[in-house]
Amino acid sequence: MLLPDNIQPELSIYYNGSLVLNELKKKNDQTLMSLYQSLKNTGMSFGTFILCLDWLYLIDAAEVDEEGCINLCI
């Protein structure tokens with residue numbers, strides 16, 4: 001869900017996307033699984049993680065290079 005209709009922002013793609021962006025700011029050029037492992041302690045599911053990456057790619061905030069590493073664009 002992009003915007004939650006209740007008072008649980010931790011379920012939104014915007015909130016979880018910010019967690020992904022913060023992790024990419026700490027260490028850019030991470031593989032998909034290493035990035036997920038570093039975010040796993042936040043309680044984010046893998047499905048939500050993939051939705052966040054899709055959203056970040058659509059808004060040109062993150063990209064995947066030819067080697068499969070995720071990079072920050074902004």
Side-chain angles (χ1 to χ4, degrees):
M1 120 182 37
L2 289 178
L3 290 174
D5 56 353
N6 54 19
I7 305 178
Q8 294 180 333
E10 64 275 357
L11 299 178
S12 73
I13 299 301
Y14 293 125
Y15 174 79
N16 287 300
S18 72
L19 296 177
V20 174
L21 284 175
N22 284 334
E23 192 60 39
L24 284 172
K25 283 182 181 178
K26 290 179 190 173
K27 183 176 184 275
N28 202 12
D29 197 37
Q30 295 189 48
T31 65
L32 180 78
M33 291 312 292
S34 66
L35 181 58
Y36 179 66
Q37 288 297 325
S38 61
L39 291 165
K40 200 172 181 182
N41 63 351
T42 63
M44 185 185 310
S45 70
F46 190 72
T48 301
F49 172 68
I50 295 298
L51 285 173
C52 290
L53 288 179
D54 288 344
W55 177 64
L56 292 172
Y57 175 78
L58 287 173
I59 63 170
D60 290 329
E63 67 181 4
V64 179
D65 64 13
E66 294 176 1
E67 296 160 355
C69 292
I70 301 165
N71 297 308
L72 192 61
C73 292
I74 54 175

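Index from 1, following the sequence.
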Exercise for the section: Group every Ile, Leu, Val, Met, Phe, Trp and Tyr by side-chain heavy-atom contacts under 4.5 Å, then state whether F49 and Y57 land in the same group. Expected result: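 Each belongs to a different hydrophobic cluster.
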
Exercise for the section: Is it possible for you to say whether M33 and V64 belong to one hydrophobic cluster, with membership spreading through side-chain heavy-atom contacts below 4.5 Å? Expected result: yes

What are the two closest heavy atoms between [X] and [Y], and how far apart are they?
X   : Y   : result
E23 : L39 : CB-CD2, 4.0 Å
C52 : G17 : SG-N, 3.5 Å
C73 : A62 : SG-C, 3.7 Å

For the [atom1] atom of [X] and the [atom2] atom of [Y], what is their distance to the nearest 0.5 Å?
X   : Y   : atom1 : atom2 : answer
D65 : N71 : CG    : CG    : 5.0 Å
L53 : L24 : CG    : CG    : 8.0 Å
L72 : K26 : CG    : NZ    : 13.5 Å
L21 : L56 : CG    : CG    : 4.5 Å
T42 : N16 : OG1   : CG    : 6.5 Å
I50 : T48 : CD1   : OG1   : 10.0 Å

Handout entry: Y14 and W55 aromatic ring geometry - parallel, tilted or perpendicular at 30°/60° bounds
Key =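 Perpendicular: the ring planes of W55 and Y14 meet at over 60°.
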
Practice task
Output all residues satisfying side chain to side chain donor-acceptor pair (under 3.5 Å) with S18, sequence neighbours left out; order by chain, then residue number.
Solution key: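 With neighbours one apart ignored, the set is empty.
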
Practice task
Check the pair Y15 / M44 against side chain to side chain contact (heavy atoms under 4.5 Å, CB included), numbers first and verdict last.
Solution key: CA-CA 11 Å; Y15 174 79; M44 185 185 310; over 6 Å; no

Exercise for the section: Apply the test side chain to side chain contact (heavy atoms under 4.5 Å, CB included) to residues L32 and Y36: give CA-CA distance (whole Å), side-chain angles for both, the deciding distance (0.1 Å), then the verdict. Expected result: CA-CA 6 Å; L32 180 78; Y36 179 66; 5.8 Å; no

